[in-house]
Number of protein chains: 2
Amino acid sequence: MATIKDVAQKSGVSVATVSRVLNEKGYVHEETRAKVVQAIQQLNYSPNEVARSLFKRESRLVGLLLPDITNPFFPELARGVEDELQKQGFRLLFGNSDEDPVKEQAYIHTFLQNQVVGLISATQASKELNDKPPALPTVLLDRTHDGSYTVYADGKEGGRIAARELIKRGSHKVTVLKGPSHIQPVQDRFQGAMEVLGNSNVDFHVIHTTSFTYEEAEQRAKELFSCYATTDGIIASNDITAAAVLHEALRIGKSIPEEVQIIGFDDIPLSRLLFPSLSTIRQPAYEMGSQAAQLLLKLIKKEQVTAQHIQLPVTFVERNTTRKVKEHG
Amino acid sequence: MATIKDVAQKSGVSVATVSRVLNEKGYVHEETRAKVVQAIQQLNYSPNEVARSLFKRESRLVGLLLPDITNPFFPELARGVEDELQKQGFRLLFGNSDEDPVKEQAYIHTFLQNQVVGLISATQASKELNDKPPALPTVLLDRTHDGSYTVYADGKEGGRIAARELIKRGSHKVTVLKGPSHIQPVQDRFQGAMEVLGNSNVDFHVIHTTSFTYEEAEQRAKELFSCYATTDGIIASNDITAAAVLHEALRIGKSIPEEVQIIGFDDIPLSRLLFPSLSTIRQPAYEMGSQAAQLLLKLIKKEQVTAQHIQLPVTFVERNTTRKVKEHG
DNA sequence: TTGAAAGCGCTACCAG
DNA sequence: CTGGTAGCGCTTTCAA
């Protein structure tokens, strides 16, 4: 690997001058510049980012912390983040935390050691970062927290929509699967659904789940249909859970959506491929990732940011686990 | 951020000594060490990886290049890589190339600029790296290439198995969906299937697809059933394609697996959630990622590696898009 | 318009 | 066993 010194030597100038043409700052005579550029090309030189980072005490790296890339909701998020960052010349340092605070801290720690310029996190811990300056610019993704910059979807409205659509389509005995309660957006969905359900005249009951694994959902689905066999509408905490419920319903011979309607949450790629394809509340995952990256970039560049919290809208994606409703039939 | 100098000052020794206790090399008196350790703790010091990298001319970063993390086959791969690397204290620099050579080169270039110690790539380009020394240790994942270190699954055998299982279960008119032909492992699957089909007495025909997108697969599936309505067994190039075929079959009222059997390839998480759940040839994605990471680590540490190519076995996962066969009924 | 030199934080060599 | 020092590759004063 050629260094700046080699370039300087070859073009017969000082490293300072080479640095100037590299960074396009400071005066440099056109002729000199030409010589330097030529040397750079001949040597196929490109600057060492590490040395640069050391001097500037910051890199062009951004840390991305996800619970688990294997969960189908996250790849889209990640892609949104990456595409945006990549456009602006930043690279991604990536880690899965499994929601484990120890792992989380370990990652943040090494990110810091590598002098990342910012952090995007879809996990809990990262909050403390904002406390003790010099704070690392951080944006929370799919998570909320008052003191932090956040990008998330309107879970509460999502919950409301789910409940409303179910009722509109004739469910009378609704079951709500309530996801892990320590995750705020999940709570929001639940609250939204509760709000609408509470103000309606349908029966409903709530089943609590502690994870988003398919296995647990399968288990809960079994309980659901045995304890509450007459339920005719199910609001799942996310699409994975909905898929498990759908499977179980099919297995025991329920017809979907005639006997039971099901609504998921997220709209992961899987959802349209299920049979019947899953009606769900869509979170704009890619867009969320992209917005988070944009926000972070502004923070890094110390540009004016107008909103500390960016809430993106959710939409109802009508597919085949809900009945058709004739508008003004 | 405290530096090694601060620690030296606080503990009343030289930076050289601090460095020695940090790296646990060279002699240092127990008392001195204690003082240093204490200072480190008090200052909450941790060494700057960037400075370290600069000096050593290598980091503890590994580049991971994937076509698209949004394709459900890759998250598992990535996770396998990450978990293994993480255990050994390496971090991941991550990029999606979309199979675009320009993007690919751009990523590799910045990886290099950041002095990664190795590269794991599930894309084409990375081959050239092995040409001109000093070569960056590289392992190709889910790709093959003679001159490189590779980890991949036995696609050919997978193709054979798929064909065999279909025939064993009574398909007489088989359709093979042949994926993008520039991807070697995909070719292998196809060749494997051809081999068995050619030696059998069933009719078969081949449809070529140029991508792995659901949209194209949908299109092809339509053609398939209209041009070749009597087909009773389909070997798809991967699970996404299989899902599209399955959907189309269901849509036009074919009964699965009675009228048509379908076998996919990969065994992505989606496959078991389809209805009917998808029979498929499983690639051990997580294991592949993990093995690739282990191999790379050996390369980096210049440990003896016994095999340049690691081929992992595939297995038939029998689910419900194939008929049951009574063994020795 | 250019160059010399200091220094980012760290490791490794050589003296002592 | 310990410290001084050079130097990794780069950027940025400061003088010339």
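The chains referred to below are lettered A, B, ... by the order of the sequence lines, with proteins before strands, and numbering in each begins at 1.
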| note | Residues in residues 53-63 of chain B with a heavy atom under 4.0 Å of DNA chain C, by number, are B:Phe55

| task | Check every strand shown and say whether A:Ser19 touches a base, only sugar-phosphate, or nothing at a heavy-atom separation below 4.0 Å. | result | base

| B:Ser148 and B:Thr150: side chain donor to acceptor below 3.5 Å | no

| Just checking, any donor-acceptor pair under 3.5 angstrom between side chains of B:Gln184 and B:Thr144? | no

In a table with atom names and distances, give each donor-acceptor pair under 3.5 Å that connects a side chain of residues 62-73 of chain B to protein atoms at least two apart or in another chain.
| from | atom 1 | to | atom 2 | distance (Å) |
| --- | --- | --- | --- | --- |
| B:Asp68 | OD1 | A:Arg79 | NE | 3.0 |
| B:Asp68 | OD1 | B:Thr70 | N | 3.0 |
| B:Asn71 | OD1 | B:Phe73 | N | 2.9 |

| query | Closest to the A:Ile4 side chain: C:dT11, D:dT11, D:dG3? | reply | D:dT11

| Rounding to a whole Å, what distance do you find between B:His29:NE2 and D:dG3:P? | 12 Å

| said: How many whole angstroms separate atom CD of A:Glu49 from atom C1' of D:dT11? | reply: 13 Å

| message | Check for me whether B:Arg91 meets the cation-pi criterion with A:Phe111, that is, NZ or CZ under 6.0 Å from the six-membered ring centre and within 45 degrees of the ring axis. | response | no

Pairwise N/O distances under 3.5 Å, protein to nucleotides 13-16 of chain C:
none

Listed pairs under 3.5 Å, donor-acceptor, residues 112-120 of chain A side chains, sequence neighbours left out:
| from | atom 1 | to | atom 2 | distance (Å) |
| --- | --- | --- | --- | --- |
| A:Gln113 | NE2 | B:Pro47 | O | 3.0 |
| A:Asn114 | ND2 | A:Thr110 | O | 2.9 |
| A:Gln115 | OE1 | B:Asn48 | ND2 | 2.6 |
| A:Gln115 | NE2 | A:Ser53 | O | 3.1 |

| query | Angle, rounded to 10°, between the helical axes spanning five pairs at each terminus of the helix from C:dT1-D:dA16 to C:dG16-D:dC1? | reply | 50°

| task | Send over the distance from B:Gln9 CD to C:dC10 P, rounded to a whole Å. | result | 13 Å

| message | Tell me whether the count of non-hydrogen atoms from other residues, nucleotides or ligands lying under 6.0 Å of NZ in B:Lys301 goes above 12. | response | yes

| message | Under 4.0 Å, counting only non-hydrogen atoms across every strand here, what does A:Val50 touch: a base, just sugar-phosphate, or nothing? | response | nothing

| field | Selection from D:dT11, C:dT11, D:dC8 that lies nearest to any side-chain heavy atom of A:Lys5 | value | D:dC8

| message | Can you see if the side chain of B:Lys25 gets near the phosphate of C:dT11 - specifically, an N or O under 4.0 Å from OP1 or OP2? | response | no

| Distance test, side-chain N/O of B:Thr17 to OP1/OP2 of D:dG3, below 4.0 Å | yes

| request: Determine, for B:Glu99 against B:Arg143, whether the closest basic-nitrogen to carboxylate-oxygen distance falls under 4.0 angstrom. | output: yes

| remark: When rounded to whole Å, the CG to C1' distance for the pair A:Leu22 and D:dT12 reads 14 Å

| Nearest-angstrom distance from the residue atom CZ of A:Arg52 to C1' of C:dG9 | 19 Å

| request: Write down the distance between OH (A:Tyr27) and P (D:dA15), rounded to a whole number of angstrom. | output: 18 Å

| Looking at B:Ser14, does any N or O in its side chain come under 4.0 Å of the phosphate oxygens OP1/OP2 on D:dG3? | yes

| remark: Nearest-nucleotide check on DNA chain D, B:Gln115 vs B:Gly12; residue mapping nearer the 5' end is B:Gly12

| All salt bridge (charged side-chain N to carboxylate O under 4.0 Å, His left out) counterparts of A:Arg60, not counting sequence neighbours | none

| query | Can you tell me if the side-chain N/O atoms of B:Asn23 get under 4.0 Å from OP1 or OP2 in C:dT11? | reply | yes

| query | What is the distance from CG of A:Asn48 to C1' of C:dC8, rounded to the nearest Å? | reply | 13 Å

